[in-house]
Structures are given as structure tokens and as C-alpha cells.
There are 2 protein chains.
Amino acid sequence: MFQLDYSDARPLYEQIKERIKTLIIRGVLVSNQQLPSVREMASNLTLNPNTIQKAYRDLEAEGYIYSVRGKGNFAAVLSPALKGEEQMQLKKQLMETLTAMQNLGVPLEKALQWVKAAYETEGSDPE
Amino acid sequence: MFQLDYSDARPLYEQIKERIKTLIIRGVLVSNQQLPSVREMASNLTLNPNTIQKAYRDLEAEGYIYSVRGKGNFAAVLSPALKGEEQMQLKKQLMETLTAMQNLGVPLEKALQWVKAAYETEGSDPE
DNA sequence: TTAACTGTACTATTCAAGATATTACAGTTT
DNA sequence: AAACTGTAATATCTTGAATAGTACAGTTAA
């Protein structure tokens with residue numbers, strides 16, 4: 001499904017959360033689609049089931065997935081509120097990046113050019 | 001000089017590094033300007049001098065400051081190479097943010113609009 | 001009904017990174 | 001000499017992350 005980056009300083013469960021979030025937002029994981037079970041995912045990534053459980057628990061609390069006892073975990077139908085939150089967060093991140101670019105002397109024209117380039121690349125760059 | 005965010009999960013020395021980097025890039029700290037001494041900064045932030053030393057050591061290794069034994073630490077003259085690196089990193093970050101926005105359904109027009117807004121705000125948002 | 005899956009909840013333990021505390025020494029300035 | 005600077009080293013404490021193991025509850029299909 002994905003790989004972990006052990007050179008990344010962030011905790012493993014954070015990486016897992018991020019990856020799954022991305023897969024859901026990009027529609028790779030469709031609403032109500034079942035995720036690998038806690039034990040299976042743990043086996044695939046060669047780590048402890050508790051770590052996966054932690055990631056799943058968080059993701060459910062945040063509204064990205066839902067879990068059914070005995071059945072499994074499933075991609076949630078993202079609420080408009082959640083999508084709005086995501087958008088605001090991205091906008092904030094965008095503004096910060098742009099401010100930094102401006103301070104570094106990157107001209108507006110170049111910034112606009114990069115934006116268009118990113119959108120033209122159409123596909124969902126998988127990282 | 002600045003404050004620390006204890007709700008931030010990242011280590012303190014990382015936050016310190018980031019803040020100082022930003023101050024230098026934005027020109028708040030001019031080239032060759034002296035930074036607070038290790039002990040003074042530690043006293044101001046109410047933490048251990050070792051933590052500041054760690055931040056300063058890293059910053060020197062990365063080319064943002066230089067230190068003179070017995071005198072102090074000073075903002076470096078940023079090399080074009082370092083500025084280039086910074087730019088590339090920001091560009092990468094920008095592209096990732098935009099890809100995410102695109103996947104969330106934010107139209108190109110809106111993205112461009114935000115970019116212009118960020119540049120119009122002129123000043124260096126200190127956050 | 002049983003077996004083999006699912007999720008979930010504990011507790012105990014190990015491990016590493018971050019941060020502190022303390023001491024010491026070298027160079028600069030007045 | 002005193003009071004600053006940087007720098008280095010060691011020992012200790014604390015915390016979060018991750019592991020290991022066990023147990024129990026719900027689901028599904030043979």
C-alpha cells in the first residue's frame with residue numbers, strides 16, 4: 001500500500017496517518033472502501049499492530065475513516081466541514097510558503113508560473 | 001526575540017533553528033549582526049544553554065551563522081548556493097501544497113488569486 | 001457450533017531522543 | 001583580574017514511541 005521512511009524524524013503512526021489521509025483525499029481510497037486490517041497492515045509494514053491501531057483510532061477521531069467491530073476499518077464519506085478544514089489548512093500553508101518565497105526574492109511572475117505548472121501536471125503526484 | 005511554542009511537537013532546538021533562519025532570511029538579522037549569547041538566549045527562553053548551543057552549532061554547519069570563540073555568534077552572509085537551496089525547497093513545498101489543493105478540488109483561479117493576495121500583503125508576516 | 005477472521009483494550013517493557021544539570025577550559029575585552 | 005564570550009564533555013532525567021503479549025468481543029462462513 002505504501003512504504004515508511006525511517007529517515008523521517010516523525011513517529012511512524014504519524015506517517016501512516018498522513019499516507020492514508022492522502023489516499024482518501026485523492027480518491028485512491030473510495031468512500032466505504034475497506035482498509036487492510038490492523039494485523040495485516042502491521043504484517044506488511046513489519047511493525048506492531050498497536051502502532052496501526054493508534055493510527056486508525058486517530059483517523060477515526062478525525063473523521064477520515066470509520067471502524068466496525070468485527071468487520072474492519074473503512075474510508076469515510078468526508079464531510080464538507082472536514083473538506084473545508086483541509087482547504088483552510090492548505091491555504092494557510094500556501095500563504096506561509098509564498099511569504100517565504102517573497103522574502104527570498106522570488107518574483108510574483110515566477111510564483112504564478114509555478115502554480116500553473118503544478119496544475120498542468122494534472123495527475124495526483126504520489127510523492 | 002521570539003517565543004517558543006510548547007504545544008509544538010517538534011524539539012525546542014528545531015523551533016529555535018527555524019525562527020533564527022527566518023529572521024536571517026527576512027533580513028531582520030543583518031549579515032554580521034551579533035546574536036544573543038548562548039547563555040543569554042537560554043536565560044531569556046528559560047531553558048538550558050546546551051539546547052541553544054545545539055541550535056547554533058547546527059545553524060553554523062548549515063551556513064546561516066558563524067561563531068567566533070570568545071566573541072559570539074553572528075548572522076552569516078548567505079551564499080547564493082544556500083539561497084538557491086532555500087528556493088528549491090520552497091518550490092517543492094509549493095508544488096506539494098498545490099497538488100493537494102488540486103486534489104481537494106480547489107480551482108486554478110482560486111489558487112492564483114491566493115498567490116496574488118499573498119504577494120500584495122507586501123510585509124513579512126512575522127507569524 | 002467451531003474456526004478464523006475482524007476490532008479493541010489492557011499492561012508491562014524497551015528504547016532513543018530531547019532536555020537538563022554541572023563542570024571545565026579556551027579566547028576576548030575592559 | 002574580572003566578566004564576558006564559545007565549546008566540550010559527562011551524567012542524569014523524562015517522555016514519547018514502539019514492541020510484546022494477552023485477552024475479550026463481534027462477524028462470517030464452513
Side-chain angles (χ1 to χ4, degrees), chain A residues 1-21 24 29-76, chain B residues 1-21 24 29-76:
Chain A
M1 197 172 198
F2 52 77
Q3 279 243 314
L4 292 178
D5 176 9
Y6 283 89
S7 71
D8 193 323
R10 294 175 312 164
L12 301 177
Y13 75 88
E14 286 285 3
Q15 286 186 53
I16 296 168
K17 284 174 61 181
E18 191 208 63
R19 300 305 184 96
I20 295 179
K21 268 191 199 179
I24 291 178
L29 288 175
V30 183
S31 289
N32 300 312
Q33 181 174 345
Q34 183 162 13
L35 300 176
S37 79
V38 168
R39 293 173 177 85
E40 186 190 343
M41 173 91 77
S43 168
N44 288 342
L45 298 177
T46 328
L47 42 76
N48 198 281
N50 292 338
T51 306
I52 309 293
Q53 192 192 343
K54 159 88 171 151
Y56 278 6
R57 197 190 313 134
D58 284 10
L59 286 171
E60 181 176 31
E62 294 172 22
Y64 291 91
I65 70 176
Y66 64 90
S67 77
V68 184
R69 197 185 190 86
K71 287 193 169 176
N73 285 273
F74 306 85
Chain B
M1 195 169 198
F2 51 77
Q3 280 242 315
L4 293 177
D5 176 11
Y6 284 90
S7 71
D8 193 323
R10 294 174 311 163
L12 300 177
Y13 76 88
E14 286 284 3
Q15 285 186 52
I16 296 167
K17 285 174 61 181
E18 190 208 63
R19 299 304 184 98
I20 296 179
K21 267 192 199 178
I24 292 178
L29 289 175
V30 183
S31 291
N32 300 310
Q33 181 173 346
Q34 185 163 11
L35 299 176
S37 79
V38 168
R39 292 174 178 85
E40 186 189 344
M41 174 90 77
S43 167
N44 288 342
L45 299 178
T46 327
L47 44 76
N48 198 280
N50 293 339
T51 306
I52 309 292
Q53 192 190 342
K54 159 87 170 152
Y56 278 7
R57 196 190 313 134
D58 284 10
L59 286 171
E60 182 176 30
E62 293 171 23
Y64 291 92
I65 70 176
Y66 63 92
S67 78
V68 184
R69 196 186 190 89
K71 289 193 169 175
N73 286 272
F74 306 85

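Just so it is clear: chains get the letters A, B, ... in the order the sequence lines come, proteins before strands, and each one is counted from 1.
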Here the pair of heavy atoms bringing A:Phe2 nearest to A:Met41 is CZ-SD, 4.2 Å

Integer-rounded Å distance: C:dT28 P and B:Asn73 CG: 15 Å

From CZ of B:Arg10 over to P of C:dA19, roughly how many Å is that when rounded to an integer? 11 Å

Nearest-angstrom distance from the residue atom CG of A:Asp58 to P of C:dT8: 12 Å

Span of DNA chain D engaged by chain B, first through last nucleotide within the 4.0 Å heavy-atom cut-off, is D:dT5 to D:dA9

On a heavy-atom basis, the closest approach of A:Lys71 and A:Gln34 is O-NE2, 3.1 Å

Just verifying a value: how many Å separate B:Thr51 OG1 and B:Leu4 CG, rounded to the nearest 0.5 Å? 9.5 Å

Considering heavy-atom distances to DNA chain C, does B:Leu12 or A:Asn50 have its closest nucleotide positioned more toward the 5' end? A:Asn50

Mind listing the closest non-hydrogen atom pair of B:Pro36 and B:Met1 along with its distance? CG-SD, 3.7 Å

List the atom of A:Ile20, the atom of A:Tyr56, and the distance in Å for their closest heavy-atom pair. CD1-CE1, 3.6 Å

Round to the nearest Å and state the distance from A:Glu40 atom CD to C:dC5 atom C1'. 11 Å

Tell me: CG of A:Asn48 to P of C:dG7, nearest whole Å? 14 Å

Shortest non-hydrogen contact between B:Gly63 and B:Ala76, atoms and distance: O-CB, 3.6 Å

What is the distance from CG of A:Leu35 to C1' of C:dG7, rounded to the nearest Å? 13 Å

Comparing A:Gly70 with A:Lys54, nearest DNA chain D nucleotide closer to 5' gives the residue A:Lys54

Would you mind telling me which of C:dT8, C:dA19, C:dT28 lies closest to the side-chain atoms of B:Thr51? C:dA19

From CD (A:Gln33) to CD1 (A:Ile24), nearest 0.5 Å: 9.0 Å

B:Glu14 has an atom CD; how far is it from atom P of C:dG18, in whole Å? 8 Å

For the pair made of CE in A:Met41 and C1' in C:dG7, what is the distance, rounded to whole Å? 14 Å

When you check the phosphate oxygens OP1 and OP2 of C:dT29, does a side-chain N or O of B:Lys71 lie under 4.0 Å from one of them? yes

Select base, sugar-phosphate, or nothing to describe what A:Arg39 touches, counting heavy atoms under 4.0 Å on all strands. base

